[in-house]
Amino acid sequence: MKCQKCGKNNADTHIKRVINGAFEEYHLCSECAREMGYSNVFEGFSHSFADDFNSLFGSFFENALPARTQATRCETCGAGYNDITRTGMMGCADCYKVFADQIMPTVRRVHGNTTHCGKNSAAAKKQAAEPKKEETVSELDKLKAELNKAIENQEFERAAELRDKIREQEGQ
Amino acid sequence: MSNVVMLTRIRLARNLRKYPFPCRLNTDGKNKVVETVVGAIKNSNSPLADDFDVLYVKDLSEAQRISLVEAHLASPEFISDSAGRAIVLSKDREMSIMINEEDHIRLQILKKGFDLEGAYDVADKLDTLLDENLDFAFDEKLGYLTQCPTNLGTGMRASVMLHLPALQKSRAVSRIAGNLQKLGLTIRGTYGEGSEPEGAMYQLSNQVTLGISEKAAIDNLKNITTQLVNQELSAQKRIAESVRTQDKVLRSLGILRSAKLISCDEAMTLLSNVRFGINAGLLEDIDINTIDKLIFDIQPATMIVNKQESLTAEQRDILRAEYIGKVLKK
């Protein structure tokens, strides 16, 4: 779809608003959206999501390494990775685990950070009461974080090593 | 201070672990979420439990839906679709919960003036009480899990609505906006579009939600707001000395008092001028709260809802002029 304002660029920003007592919906390109005062992290996000996928994961995993077994569909909600990149929306809580490798670089870029700090839900308190399970999870998380770092630094050999380790652990 | 800051708002995004996020839920699923959340509110030991209204979007008229947005209780996104969506409101409208907007739960506390800590305190308590009855999707590392990853972590948006007529006039807002982004904040117009929003009202809010605690995000917002308010006040003092400014304020009041027809846009601009005049000490016999109430009451859909009948644009403009004239009469 073309931008409804300039009619030239592709629309990648969907705006819903109320002006003068009427509900309006627009599809704009990021440039026009910015001009109209709608530049925000969200718009950059859906954009960089697609960029990440195509430039980083696409080229790296498909060309530089033998195909990596990456999750393509979340079994809990049925969302595919394509659905997520297209809409910028996760399908369910489990998607964050299933697609963790793919989305974490973007999360880091949007927030400048990947570790929560602040209020802890009651559910988290319950989880914390089972330290054993938590340890294994965190070790796997550590490996995954290292993998992301290796990818960012373009250390391909190290990334392949880590990938195998993660597979091993996940298979246990 | 509270005169520049008109409203304070805290919004928390929460999701139920048991259900997919709204984008992957059909209407039946959404209705179940509404039922579960409303049930949890009833059973919670919160001040909201005995005294709230539930409005189903599908039962509301177009004007009623839009007036919820005008009153800052719902988002345009929320009213864009009616299937399986409901909003829970406390009688005084300070607490509200949008169900099945972008997340299952968007809990909001809205307070007049500048009270970020007070608003967060109420939000935090309500959230904790709901958490006892609802299993929220939460991850040790990523915090509260949200449909859009931009809200991960605390899931909190804290915002203040600012009236910045003097900074807008000196074109300082767009310059400031660029710097704010570096501090993890974002500013945009409340009404209208572009760099000069209607009535010089702006919304300043935090952008980053992951890796920064609620308290740190609120402190940051509070500090920057305080600086902005001080800048605005000194700019107000400066321009208030000019006879042109004084003339504009008094003329604005004159038009508001005697017009027969007035559009929402014009009324917003004039009310903003008068509000500035009160703040800068140019007008003494008008209460600023009267002006703030007018700003919310004269919004187009809110007028229709209050009048309880459909109105054409011209009928609205007549009614608006009558109403403002009556409220501001000497």
Side-chain angles (χ1 to χ4, degrees), chain A residues 14-25 35-42 44-46 49 74 76-79 83-84 87-97 100 103-104 106-108 110-124 127-128 134 137-138 141 145, chain B residues 15 17 19-21 23-24 62-63 65-66 69-70 75-77 79-80 102 124 127-128 131-132 135-150 152-154 156 186 188-189 191-195 197 207-216 264-265 299-301 304 316:
Chain A
H14 188 185
I15 286 159
K16 296 175 185 174
R17 61 172 196 182
V18 162
I19 294 269
N20 234 332
F23 175 78
E24 296 174 350
E25 221 170 330
E35 253 171 50
M36 287 173 71
Y38 288 103
S39 95
N40 56 31
V41 72
F42 185 80
F45 183 76
S46 53
F49 230 150
C74 168
T76 312
C77 70
D83 297 320
I84 291 169
T87 59
M89 303 288 175
M90 306 299 275
C92 69
D94 291 339
C95 288
Y96 279 104
K97 287 218 156 60
I103 65 150
M104 284 323 279
T106 313
V107 168
R108 178 179 290 114
V110 168
H111 291 282
N113 207 309
T114 55
T115 309
H116 172 58
C117 146
K119 188 170 179 176
N120 224 334
S121 152
Q127 267 179 23
E134 195 199 355
V137 171
S138 65
D141 281 348
Chain B
N15 287 282
R17 190 182 297 278
Y19 295 87
F21 295 143
C23 71
R24 308 243 7 131
E62 175 91 358
R65 293 177 192 186
I66 291 172
V69 179
E70 290 172 353
S75 62
E77 162 60 35
I79 61 159
S80 69
E102 208 182 272
D124 181 36
D127 172 55
T128 303
D131 203 358
E132 284 173 10
D135 185 17
F136 287 152
F138 183 88
D139 179 87
E140 287 274 311
K141 189 161 174 260
L142 294 174
Y144 290 93
L145 301 177
T146 50
Q147 178 170 284
C148 179
T150 48
L152 277 176
T154 59
M156 182 190 78
T186 178
R188 54 184 292 182
Y191 301 100
E193 61 186 48
S195 52
Q207 250 182 336
V208 176
T209 53
L210 184 60
I212 175 167
S213 70
E214 291 87 351
K215 188 180 180 306
C264 184
D265 280 4
Q299 298 300 322
I304 294 174
R316 264 189 325 221

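In what follows, chains carry the letters A, B, and so on, assigned in the order in which the sequence lines appear, proteins first and then strands, with residues in each chain numbered from 1.
B/Q147 has its side chain out of reach of A/M90: every pair of non-hydrogen atoms, C-beta onward, lies at least 4.5 Å apart. Residues A/D94 and B/R17 fail the side-chain proximity criterion, which asks for heavy atoms closer than 4.5 Å.
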**Report entry** side chain to side chain contact (heavy atoms under 4.5 Å, CB included) evaluation trace for A/F23 with B/V69
**Finding:** CA-CA 10 Å; A/F23 175 78; B/V69 179; over 6 Å; no
Query raised in the report: side chain to side chain contact (heavy atoms under 4.5 Å, CB included) between A/R108 and B/L210: does it pass, once the steps are laid out?
Result: CA-CA 9 Å; A/R108 178 179 290 114; B/L210 184 60; over 6 Å; no
Report task. Assess whether side chain to side chain contact (heavy atoms under 4.5 Å, CB included) is satisfied between A/V110 and B/Q207, documenting all intermediate values. Result -> CA-CA 9 Å; A/V110 168; B/Q207 250 182 336; over 6 Å; no
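Across A/K119 and B/D124, no two heavy atoms sit closer than the pair NZ-OD1, 2.6 Å. Residues A/K97 and B/D139 share a closest heavy-atom pair of NZ-OD1, 3.4 Å. Closest non-hydrogen pair, A/C77 versus B/P20, comes out as CB-CB, 4.1 Å. In this structure, B/P149 and A/V107 approach most closely via the heavy-atom pair CB-CG2, 4.2 Å. Here the shortest heavy-atom pairing between A/S121 and B/D131 reads OG-OD2, 3.2 Å.
Between atom SG of residue B/C23 and atom CE of residue A/M89 there is a gap of 7.0 Å, rounded to the nearest 0.5 Å. With values rounded to the nearest 0.5 angstrom, A/H116 atom NE2 is found 6.5 Å from B/Y144 atom OH. Taken from CG in A/D83 to CZ in B/R24, the straight-line distance is 5.0 Å, to the nearest 0.5 Å.
Taking chain B as the reference chain and counting heavy-atom pairs below 4.5 Å, the highest number among A/G91, A/G112, A/G118, A/A93 is found for A/G91. Taking chain A as the reference chain and counting heavy-atom pairs below 4.5 Å, the highest number among B/P76, B/G143, B/A301, B/A216 is found for B/P76.
Counted within 6.0 Å of CD on A/E25, heavy atoms from surrounding residues, nucleotides or ligands total more than 12; the atom is thus considered enclosed.
No side-chain donor-acceptor contact under 3.5 Å links A/T115 and B/K141.
Proximity to chain A is limited to the side chain of B/E70, based on heavy atoms less than 4.5 angstrom apart. Interface remark: B/L152 contributes backbone and side-chain atoms alike to the contact with chain A (heavy atom separation under 4.5 Å). With a threshold of 4.5 angstrom between heavy atoms, B/T209 approaches chain A through its backbone and through its side chain.
Of the possible polar contacts, one joining the A/Y96 side chain to the B/T146 backbone as a donor-acceptor pair under 3.5 Å is found.
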